[in-house]
Amino acid sequence: MSIQGKTILYTGAAGGLGLPATLHFLRAGATVLAIDQDAAKLSALTDAAAGIDAGRLVTLAADLSDLDLFRTLLSRQAAALGGLDVVINNAAIYPAKPFDEYSVEEHQAVQRVNVDAGIVAVQVALPGMRGRGWGRIINIASITFYGGWANLSPYVASKGALVGLTRAWAREFGPHGITVNAISPGAFPTDAEKIHPDPEGYTRFVLDHQAVKRRGHPGDIAETLAFLASDAAGFISGQVLNVDGGWVMH
């Protein structure tokens, strides 16, 4: 299940789930192009990777809502790295309020970061993947797509779009040796949980719904991503894998 020698693009790489996964990839011998809009978090990632990256960590601070600039910056970095073997579309924003309080522009802003930036990333990486006859695309969806969460309609809609793109891309890119999958993380203790006014009550809610009675940890996501990015997952495509402690079963 090796990812050694692979070049991985990871958006949102310095966040609560991104940073540990990035370190995991580096330890496994991959090169990681880590993109995040938060320069301070990227600096913390660089510090955390000291001694293990061997020059294989490349960071890029970018506002993914500026799609044209993102394409320019990413194209430049991809060329310098000799192409991208793996794309992980993880970056997301998640405003929370009742549906009728969102403007159309706010819906579009979530779509731009959570979905359209991922489209740009795949468009930049795809020619090289086709040329090599090998590639991995992993979209980070969410169990919120299955329902049961109020006040997150733009976010849920964006995750549904990623599921649709996962299936469409898997069908279209498969003949070129490229697999496309999505993972739907459950409720992990990250900054996203800070939107909840009662953290202890939310933890009880999570554990009541999960079959596995512990909170998820970043390693659960990192190991899943590493598997889907490896040759071991070469016959898996177009799938959505819930990494949620047995919350959603279907």
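In this text, all values refer to a predicted model and were calculated from it rather than measured experimentally.
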I'd like to know if L81 and I8 are part of one continuous hydrophobic network [Ile/Leu/Val/Met/Phe/Trp/Tyr, side-chain heavy atoms within less than 4.5 Å]. no
Find out if a path of hydrophobic residues (ILVMFWY) with successive side-chain heavy-atom gaps under 4.5 Å connects I183 to L162. no
Please indicate whether R171 has more than 12 foreign heavy atoms, meaning atoms of other residues, nucleotides or ligands, lying under 6.0 Å from its CZ. no
Side-chain touch [X]/[Y], heavy atoms, less than 4.5 angstrom:
{"X": "I178", "Y": "R136", "value": "no"}
{"X": "I236", "Y": "N181", "value": "yes"}
{"X": "L67", "Y": "R112", "value": "yes"}
{"X": "F99", "Y": "L152", "value": "no"}
{"X": "I119", "Y": "L165", "value": "yes"}
{"X": "N114", "Y": "I93", "value": "yes"}
{"X": "I140", "Y": "L225", "value": "yes"}
{"X": "P95", "Y": "V110", "value": "yes"}

For [X] and [Y], which heavy atoms make the closest approach, and how far apart are they?
{"X": "A34", "Y": "L57", "value": "CB-CD1, 3.9 Å"}
{"X": "M129", "Y": "V87", "value": "CE-CG2, 3.9 Å"}
{"X": "A161", "Y": "V115", "value": "CB-CG2, 3.9 Å"}
{"X": "R56", "Y": "A30", "value": "NH1-O, 2.5 Å"}
{"X": "S142", "Y": "S184", "value": "N-OG, 3.4 Å"}
{"X": "F70", "Y": "A117", "value": "CE2-O, 3.3 Å"}

Spell out, as yes or no, whether a donor-acceptor pair under 3.5 Å connects the side chain of D85 to the backbone of T7. yes
How long is the span from the CG atom in L45 to the CG atom in L19, to the nearest 0.5 Å? 4.5 Å
Working to the nearest 0.5 Å, report the span between CG of D63 and CG of D36. 11.0 Å
Taking atom types as modelled and ignoring hydrogens, do the side chains of [X] and [Y] form a donor-acceptor contact shorter than 3.5 angstrom?
{"X": "D231", "Y": "W134", "answer": "yes"}
{"X": "N139", "Y": "T166", "answer": "yes"}
{"X": "R71", "Y": "Q123", "answer": "yes"}

For F25 and Y10, take the angle between the two ring planes, folded into 0 to 90°, and tell me which bin it lands in: parallel under 30, tilted 30 to 60, perpendicular over 60. tilted
Are any of the side-chain nitrogens in E106 or K97 under 4.0 Å away from the carboxylate oxygens of its partner? yes
Could you walk me through whether F188 and W247 pass ring-ring contact (aromatic ring centres under 6.0 Å, His included), step by step? CA-CA 12 Å; F188 285 77; W247 187 324; over 10 Å; no
Derivation of the salt bridge (Lys or Arg N to Asp or Glu O under 4.0 Å) call for D208 and K213: CA-CA 8 Å; D208 284 345; K213 301 305 181 183; 5.5 Å; no
